[in-house]
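These notes concern the structure reproduced below.
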Amino acid sequence: MNLHPRARRIAILLGLLALVAVSPPLVRHALNEPAGNVHQFPWLNPALSPGVRAGLVLKKMTLDEKISLLHGTHWHGLDLDTWNLNLLHANGGVGYVVGLPRLGIPGIQMTNASYGVTRNPRNGRYSTALPDDLALAATWDKRAAYAYGALLGRELRALGYNMSLGGGVNLARDPRDGRTFEFFGEDPILAGTMAGEMVAGTQAQHVIGNIKHFAMNDQETYRHRLNVHIGERAMRETDLLAFEIGLRISHAGAVMCAYNSVNDEPSCQNKYLLTDVLRKDWKFRGFVLSDWGAAHSTVRASAAGLDQEEPSSIFYGEALKRAALDGRVPMVQLDEHVRRILRSEFACGIVDHPPVKSPIDVGRDLKISQHLAEKSIVLLRNQHAQLPLDAAKLHTIAVIGAHADLAMISGAGSAQVDPQAGTDLHFANPPKRREVWFPTSPLQAVRAQAPHAKVEYNPGTDPAAAAALARTADVAIVFVYQWESEGMDLPTLSLPGDQNALVEQVAAANPHTIVVLETGSPALMPWASKVSAILEAWYAGNRGAEAVANVLFGEVNPSAKLPITFPLREADLPQPTVVMPPPPQPSVFAHLATLFRRPGTELPPVQLYYKQGLLVGYKWYQAKRKPVLFAFGFGLSYTTFHFSGLRVKVVDGRVSVNCTIKNTGNRAGAEVAEVYASLSPSAGEPFRRLVGWQRVRLNPGESKQVSLKIPAQYLSIFDVAKNAWSLVPGEYTLFVGGSSQNLPLRKRVRIGEKSEASSAKPVGGF
Ligand code: BGC
């Protein structure tokens with residue numbers, strides 16, 4: 001029919017209207033809007049428990065609907081296998097699981113949110129970049145972690161997401177891990193507590209929280225092929241303890257299993273991890289989703305406890321349906337996967353409180369980002385009270401290095417947050433790297449603090465020219481950096497390029513040289529004793545420069561403590577044994593297999609033996625008596641503190657610690673009272689471990705009481721034979737101080753003649 005264009009437009013419109021009129025469920029489906037109310041759908045009644053609600057929905061679901069919840073729909077909802085309407089519903093995040101509009105169940109909109117809501121090609125909107133997760137750990141401040149997570153949750157919802165994929169809590173067994181900036185350091189109790197508080201903050205915004213990568217995903221090199229070997233006790237007392245604590249605090253709705261294998265079984269089909277530990281011992285009630293492409297099987301993974309395959313449906317789509325129909329996967333087991341997912345949806349509030357896209361309160365969130373950065377900056381060295389700088393006394397300041405005229409570096413990979421709208425800075429150096437520099441200018445921030453001084457910049461690419469500028473200045477501030485990313489490990493902790501030479505030459509030219517580090521891992525500092533001050537600013541987020549300047553000029557008194565040891569030399573790091581498979585025989589088939597590799601047809605594994613076992617981070621350096629550059633828990637302040645009056649009470653294996661801290665300097669400041677314990681010698685752990693801490697703010701001259709209860713588990717060892725935590729009876733020493741290597745107070749006590757600590761409290765999904 002040859003219609004006039006206007007008539008054709010009207011006809012199309014009328015056609016669409018007719019479609020809308022006759023097919024409300026279809027339209028609702030397209031918009032992904034839940035339909036119905038509590039009378040039609042009793043599970044929408046929030047007064048019922050999440051478990052009961054999940055059970056009621058489950059009863060109404062068809063097999064196809066069940067299967068549809070158990071897998072993702074490829075990246076950004078583009079499901080090429082089924083070519084359905086998911087693209088319309090998905091919010092453009094890295095994962096989307098369809099909703100069931102027929103039953104009033106929304107889709108799960110997932111995206112990464114480690115230090116901010118990540119970039120989103122289809123929904124590219126602003127999100128705030130916070131200081132990285134390691135920086136957050138450096139605050140040792142549970143409230144800060146909760147606020148950090150709450151900000152992530154609010155921004156996720158404002159951007160239309162209802163599930164976060166943040167929450168990385170893998171321990172820094174090797175600080176060269178390219179994702180060290182995304183995790184919480186080397187101590188399981190600190191890491192687990194901070195990650196747990198962060199995820200709790202996110203979940204309080206009605207967003208499903210996640211803890212990842214379960215487990216032992218402690219390096220990036222060969223991450224898809226690694227088979228990690230580690231003893232059970234070592235695993236339970238180190239990496240798994242961080243997960244256990246994180247889950248106990250957060251009640252996270254989800255756990256993401258890792259790419260690597262653990263003790264010969266891929267993490268995402270590892271019954272020991274997913275069932276014996278996570279569900280039986282920890283009573284986790286949420287769901288387990290695979291890391292992106294980390295599922296390797298259908299029947300085996302389902303039996304082991306994997307609930308959802310992401311991001312696609314290779315094993316948990318048609319294959320799972322077939323397996324369920326022919327009885328290889330029992331229907332009750334399949335139902336259990338569905339129930340866990342639904343339960344988390346109800347428990348975390350995504351059904352009752354669906355996200356509503358809305359503007360982000362940029363001003364408020366930038367303030368929070370800056371505040372968190374200020375709390376996270378660690379003052380590592382301050383000779384002759386070089387800092388804080390007194391702007392009134394400075395005539396010339398040289399700002400040198402690391403694009404400090406414009407920006408600060410950020411961490412890369414799936415956690416990458418885009419810089420503030422419209423000012424994306426990419427520096428290609430070398431060409432393949434995608435360094436993203438956030439537009440927060442140290443130069444501007446220093447100028448703002450010292451408006452009467454002449455503040456000049458040199459990029460530091462020519463160390464001699466930078467030194468010449470430094471020579472003419474009252475003080476030289478050198479910014480140095482180490483970029484890191486998911487998908488690679490750092491070849492070395494040495495600062496890349498000529499940055500060491502730069503610092504050496506500037507320090508030789510000016511005795512008042514201050515170094516600001518922007519690193520996601522510890523750095524080696526061969527020049528440490530030659531400079532007058534050092535600050536670790538980490539990847540400081542959208543307002544990093546303002547935070548650094550506030551610390552440099554004393555608007556903020558630094559109070560952060562290292563969550564990770566800075567070693568003296570690379571050779572001092574623990575060296576796991578890596579066993580490579582024999583090289584493959586060159587053949588056309590082998591070559592084709594690598595070209596068209598799908599999960600399940602992997603290359604032969606690389607064996608990684610964590611021989612150091614329990615000796616992670618400071619425990620390794622202590623046990624091996626290796627001196628370090630800056631110890632775990634270390635961090636200076638512009639004031640001084642005195643610890644006194646330690647009292648340790650033990651009642652029925654319960655230990656409480658009390659002491660007094662006094663601010664003995666002339667500035668207000670905060671100190672962290674760190675409590676360590678060395679266990680009874682028969683426990684077989686020849687090192688002290690962190691068992692608690694408390695941050696205390698004090699005015700000059702003020703004293704406060706620190707009062708801490710130490711959970712029995714933190715003083716216990718994991719007894720493999722009993723499959724339980726066990727407080728080994730005997731003599732313990734409790735230590736208190738401001739760093740793992742500066743513990744002025746100590747007391748010996750006898751503990752635990754017959755008590756045993758238990759960790760069998762539910763840890764997931766409320
Ligand atoms: C990462 C996860 C991330 C996922 C989705 C994976 O490569 O290991 O941490 O959540 O991608 O982007």
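Side chains included, hydrogens not; waters and symmetry mates left out as well; all remaining heavy atoms used. Whatever order the structure lists ligands and atoms in, that order sets their numbers, starting from 1.
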Worksheet item: Step by step, would you call E197 with K142 a salt bridge (charged side-chain N to carboxylate O under 4.0 Å, His left out)?
Response: CA-CA 6 Å; E197 294 288 343; K142 298 175 204 170; 5.9 Å; no
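- Contacts with ligand 1 closer than 4.0 Å are made by side-chain heavy atoms of R179 only, the backbone lying farther away.
- Checked by atom type, the side-chain pair E310/S290 shows no donor-acceptor distance below 3.5 Å.
- In the candidate list T111, V94, L165, N112, N112 is nearest to atom 3 (C) of ligand 1, counting heavy atoms.
- Against a heavy-atom cut-off of under 4.0 Å, Y259 is close to the following atoms of ligand 1: 6 (C), 7 (O), 8 (O).
- Annotation: cation-pi pair R173/Y610 present, NZ/CZ under 6.0 Å from the ring centroid and within 45° of its normal.
- When heavy-atom distances to ligand 1 are checked against a 4.0 Å cut-off, M256 comes that close only through its side chain, counted from C-beta outward.
- At a 3.5 angstrom cut-off on N or O pairs, W292 does not count as close to ligand 1.
- In this model, no donor atom of one side chain and acceptor atom of the other lie less than 3.5 Å apart for S250 and Q203.
- In this structure, M110 has no heavy atom closer than 4.0 Å to ligand 1.
- Near H213, meaning under 4.0 Å from any of its heavy atoms, are these atoms of ligand 1: 2 (C), 8 (O), 9 (O).
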Practice prompt. Apply the test salt bridge (charged side-chain N to carboxylate O under 4.0 Å, His left out) to residues R236 and D281: give CA-CA distance (whole Å), side-chain angles for both, the deciding distance (0.1 Å), then the verdict.
Written response: CA-CA 11 Å; R236 295 292 285 249; D281 291 352; 3.1 Å; yes
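- When non-hydrogen atoms are compared, ligand 1 lies under 4.0 Å from the side chain of R223 (C-beta onward) but not from its backbone.
- In this structure, W140 and F632 have tilted ring planes: the angle between them lies in the 30° to 60° band.
- Using modelled atom types, one finds a donor on one side chain and an acceptor on the other under 3.5 Å when comparing E435 with Y481.
- Atoms of ligand 1 lying under 4.0 Å from at least one heavy atom of D291, given by number and element, are 1 (C), 2 (C), 3 (C), 4 (C), 6 (C), 7 (O), 8 (O), 11 (O).
- Atoms of ligand 1 lying under 4.0 Å from at least one heavy atom of K212, given by number and element, are 2 (C), 3 (C), 9 (O), 10 (O).
- In this view, K66 and D335 satisfy the side chain to side chain donor-acceptor pair (under 3.5 Å) rule, not counting sequence neighbours.
- Ligand 1 does not have E182 within reach: every non-hydrogen atom of the residue lies 4.0 Å or more from it.
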